[in-house]
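What you are looking at is a predicted structure, and each value in this text was computed from that prediction instead of being measured. We name chains A, B, ... by the order of the sequence lines, and we start the count at 1 in each one.
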Amino acid sequence: MTDEALQYDAIVIGAGHNGLIAASYLAKAGRKTVLLDSSSYIGGAARTAEISPDYLVSTAAHLFSAFPRKIEKDLKLAKHGLIWAARDMPTVALDLQGRHITLTGKGKQDTSVMAKHEPRDAENWQDFSRRMSKFALFLSKYLGEALPDLGNDVSSYEGPLAALQLEKMGAKDLQSFLRFLPSSMSSVLDRYFEGKLLKGALALDAVIGHHAGPYSPGSAFSYIYKQGLAKLGQGLSYPVGGAGAFAEVLGEAAEALGVRIRVDSHVEQILVEDGKAVGVRLTDGTVFHAPVILSSVAPKATCLELVGARHFETDTVRHLSRIRSSGAAAKINLALEGLPTFENFTDTEYGGRLLIAPSVMAVERSFIAAKRNELPIDPVMEMVIPTYHDPRLAPMGHHVLSIMVPNVPYDVAGGWDERRDEFVKKVIDTIEMYAPDLTAKIIAGEMLTPPEIESKFVLSGGHWHHADMSFDQLLAFRPTPGMANYASSLDGLYFCGAGCHPGGGLTGLPGRLAAEAVLAQRKTR
Amino acid sequence: MKRTDAVIIGAGLNGLVAAARLATAGLNVLVLERSARVGGAHASAELAPGFRSPTIALSNVYFPTELAREFSLASRGLRMVRREGGISLFEDGTYFAGYADEQVMRREIARHSRRDADAWPRFVKDMRFQATHVKALLLETPFDPSQRSVMGVRHMIGRARDVFEKSPQTLYDITRFWSLSLNDLLGQYFESKAVISHIAGSALVGHAIGPDEPTGAALLVPRWFEGDEGGMPWRQTPVGGMQALIDMMSDVARDKGVEIRCDAEVTDIKLVKMKAKSLLLADGEEIEAGFILSDLDAKRSFLNLFEWSSLPKGFVADISHVRMEGAVARANFALKEMPHFTHLPDGIPALSGGLMIGSDVLNMARAHEDWLDHCPPSRPMIEISIPTLEDPSLAPDGGHIFSIAIQFVPHELHDGVWSPARRKALMETIKQMITRHAPNFGECILAEKLRVPADMEDEMGYTRGDLSLGHMSLDQMYFNRPVPGSSAYQSPVKNFFLCSASTHPAGLALGASGANAAAEILRTQRSKRR
């Protein structure tokens, strides 16, 4: 191939969903774009694979909590085959006595079960959800757009405007917003609710995917942040064919827009000339040239490994190397010969997002265990039965159960090889307390430890969000101060992955916003 | 019925400062104290003949010089003792000592890590930067962003503009400082576990927050209000202990015409149309007052002195959800002589700042997790203050006092109360921890006394034994203290004010809550006259 053939307007590194979306938006604007991925398939952590022959499951990420309608429309994903198998799925907090609390995805919340647990909770639910919804709405204004880069292009109006927005909340709500910001989720929950189960479920919602427990200050903000992201997207949903099929759709949409996708292309080096990123070199020696390079690899790895620290200022390097990414999760996928029997389950519950989080302390204890590099004694978890909405993932009448266990240590004491079976047994035993016939129905299963998730999906530290979503690593500080507007300090190099604003999750927002930033900053090619 | 301009419930330091300020402004002030003596937690008690030990108060306290000046305490004999930065003694016999002098401090750090010694000046600069800003806010009423007024909005916009005009680096530093855990923040300056543990440990003493918990780094602030010699700032305590300061403040108050009445327990406050009108004492006496100030914690003030039904419903819920939960027990030992610490050089000056054992970060995190779980600490973090080192007058010749803060000790255990057996076990743990490093400790003991948080509640009236009168975590500080909407010392009840450490600036500065509350009352009065 001649050099000219490898000359592009833009190179995107990493074909996860953010990379795919960034590339698509660039191609849509007429930029000649190539998308490179080191593995042999696209989608990154959005992947569907077999547990055993004929049983398919979303290997890692298994639920969409906030995928924006706008991206779906812009990239014509429906035309390329995106079908949602389930939308606005409810969240079900499993109860040992069968009094499960179902939080509706959409519409008015039925509080009768809450009232059975604690009458006061049903009364307080309205107040709690109204307030959270208001805070989420306020925050969502800043999550769906690129944030001004502090110091560089903040007009003198930005700050006062944000202050006025806050003032508009009204005195009472503003007071509780300012109180909630540094609060722990547990103290917020104590203020509203009594019921252990309801509190446990909301506590898990606040910290899932984060390296924090519900007693950690700041965990209330995580909850609001997630609700804010959810405001920008559609409700909890699940695509036909799982996360991998969704990635295929994105791939087709990208190709239809003219993106050239190259898998098995491991970028080894981002090439720099005269202080500008000018191209990339693959491990096989192939070189691609482009004036613009977007990386959906974690920013720390992008700058320090792919580019090299010498191309950045000391302060930037210090900021980058400080990025903390310590949360980790494990994934267990089971092939079942029938639906496990949960007491008092109806269609709604089987089709929901199932949470095992019996109390706030149970969630906290699992976090404490993870911090100590121990396995939780009573794991908390999030489960879905995708086959309930999408029967083609398994043979007729058979099912798959997809289990995400948060707060699992990356390095477990004694090593994962030793303790893997113990962990799986613990998780299955825990589920069996709610569905006693689970083991009898298991045909096959797989388990991914945090280190396996890391190597399989190239996520540093096994962290799904590339960097902890804590105050100092969010908003205008994500990935680092001074690089929040998707542009790195190296001319021509941009970030477009979960490591930049507004962070992780299957939202596609970092990808879309990064592409928009590139297009706005580089009007000409 | 007796009538007076202002009544203050509780003769703690804050109550006395408020009383003195109000009296200076010409008000008739009456202070009512439930117990037989003034001073609350700061009062000393005789542990053994000739041994005067502080009962429970914490050692790391800052008394604003502005207040000392306002009440001319120097002329009454207030002298401060300067104590060095303390020592952390680790399991393996190594230790880390803090010194006020920059060169000495850096040399000590270099013993553990050369790189950290180089990082020290940067750390000091950053801490002083944050501390200066906080210090400026100590002696004023918090700004409440939710207050609906043109002034309020303008103030808020001004603050927002200030924020955005800062450089990204400054803003990032501020955010990290106020949101990171102690462990994370210190880890960005230092690599040595010993250095990190000592700094984190001394910041955590007295607080119910673990070293890994986000926002904990903010606890570093109070240490840096004073001292600019480049090392670990001096700790200052009054000669004669806190009791001396208390005595001086009560003299000041009395000289200004304040009546201080002990053994006077207030049981009720009578309201007329949401206005505090009079107080009922336990002996049946009723006293009418223009203003009532409470130096008790927020829960005791509102939930015990008022009929709940007379307060707004949401307010009662807010107050009852203030996190107020003791985490510190105190063990006092009277010793016939100084025990010999095997691993410490003889006469090491840093010892005057206290000795911490079990303060390595991992151990503190575990002790804190035990506390969350309501378990007794299997290996607590202890901080031994030895007030007799700088002030031998507190004990007979050669004798010493060990006043030990034990963390983290829950108010209630998951399986019941602190039974005598449990207390004994905790004392044994403490003694073993000390004996490990000072084998003759046991032989030196003349007398000992343990107080767990439940005792502090029973003896001194601290709700749940919380000496900080509400956790000093960010969600309960500044305009969130004690609850949002009531941070200006006032409350939904007219003429009833809070002047205890349940209000801003909490334990950051002694007497400041009292001073600010009094200032707020005088302001109200002026605006009424106008």
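Considering only heavy atoms from C-beta on, Arg191(A) comes within 4.5 Å of Asp318(B) through its side chain. With a 4.5 Å cut-off on side-chain heavy atoms, Arg365(A) and Glu369(B) do not count as touching. Here the side chains of Leu178(A) and Pro484(B) are not in contact, with every heavy-atom distance at 4.5 Å or above.
Crowding of Lys141(A) atom NZ: a count of heavy atoms from other residues, nucleotides or ligands under 6.0 Å exceeding 12. By the neighbour-count criterion of 12 heavy atoms within 6.0 Å, atom NZ of Lys134(A) is densely surrounded, having more than that number from other residues, nucleotides or ligands. Applying the 6.0 Å contact sphere to CD of Gln521(A) captures more than 12 heavy atoms from other residues, nucleotides or ligands. For Arg114(B), the CZ atom counts as loosely surrounded, since its 6.0 Å shell holds 12 or fewer non-hydrogen atoms of other residues, nucleotides or ligands. Within a 6.0 Å radius of CD1 in Ile377(A), no more than 12 heavy atoms belonging to other residues, nucleotides or ligands are found.
Between Pro217(A) and Ile209(B), the closest heavy-atom pair is CG-CD1, 4.4 Å. The heavy-atom pair separating Asp472(A) from Thr175(B) by the smallest distance is CA-CG2, 4.1 Å.
Ranked by heavy-atom pairs under 4.5 Å with chain A, the first of Leu372(B), Thr170(B), Thr215(B) is Leu372(B). Interface remark: of the candidates Lys371(A), Arg179(A), Arg318(A), Gln175(A), Arg179(A) forms the most heavy-atom pairs closer than 4.5 Å to chain B.
Between the OG atom in Ser179(B) and the CD atom in Gln473(A) there is a gap of 9.0 Å [rounded to 0.5 Å]. Distance NE2/His374(B) to CE/Met361(A): 7.5 Å, rounded to 0.5 Å. Here the CG atom belonging to Asp212(B) is positioned 7.0 Å from the CZ atom belonging to Phe367(A), to the nearest 0.5 angstrom. To the nearest 0.5 angstrom, Arg176(B) atom CZ is 11.0 Å from Ser470(A) atom OG. A distance of 10.5 Å separates CG of Asp190(A) from OG of Ser320(B), quoted to the nearest 0.5 Å. Distance check, rounded to the nearest 0.5 Å: OH of Tyr215(A) to CG of Asp373(B) gives 8.5 Å.
The part of Arg323(B) that comes within reach of chain A is its side chain, from C-beta onward, which places non-hydrogen atoms under 4.5 angstrom from that chain. Only the side chain of Asp184(B) has a heavy atom closer than 4.5 Å to any heavy atom of chain A. No part of Leu362(B) comes within reach of chain A, as not one of its non-hydrogen atoms sits under 4.5 angstrom from that chain. Heavy atoms closer than 4.5 Å to chain B are found nowhere in Asp173(A), neither backbone nor side chain.
Between Tyr172(B) and His319(A), the ring planes are perpendicular. Angles over 60° get that label, and only those under 30° would be called parallel.
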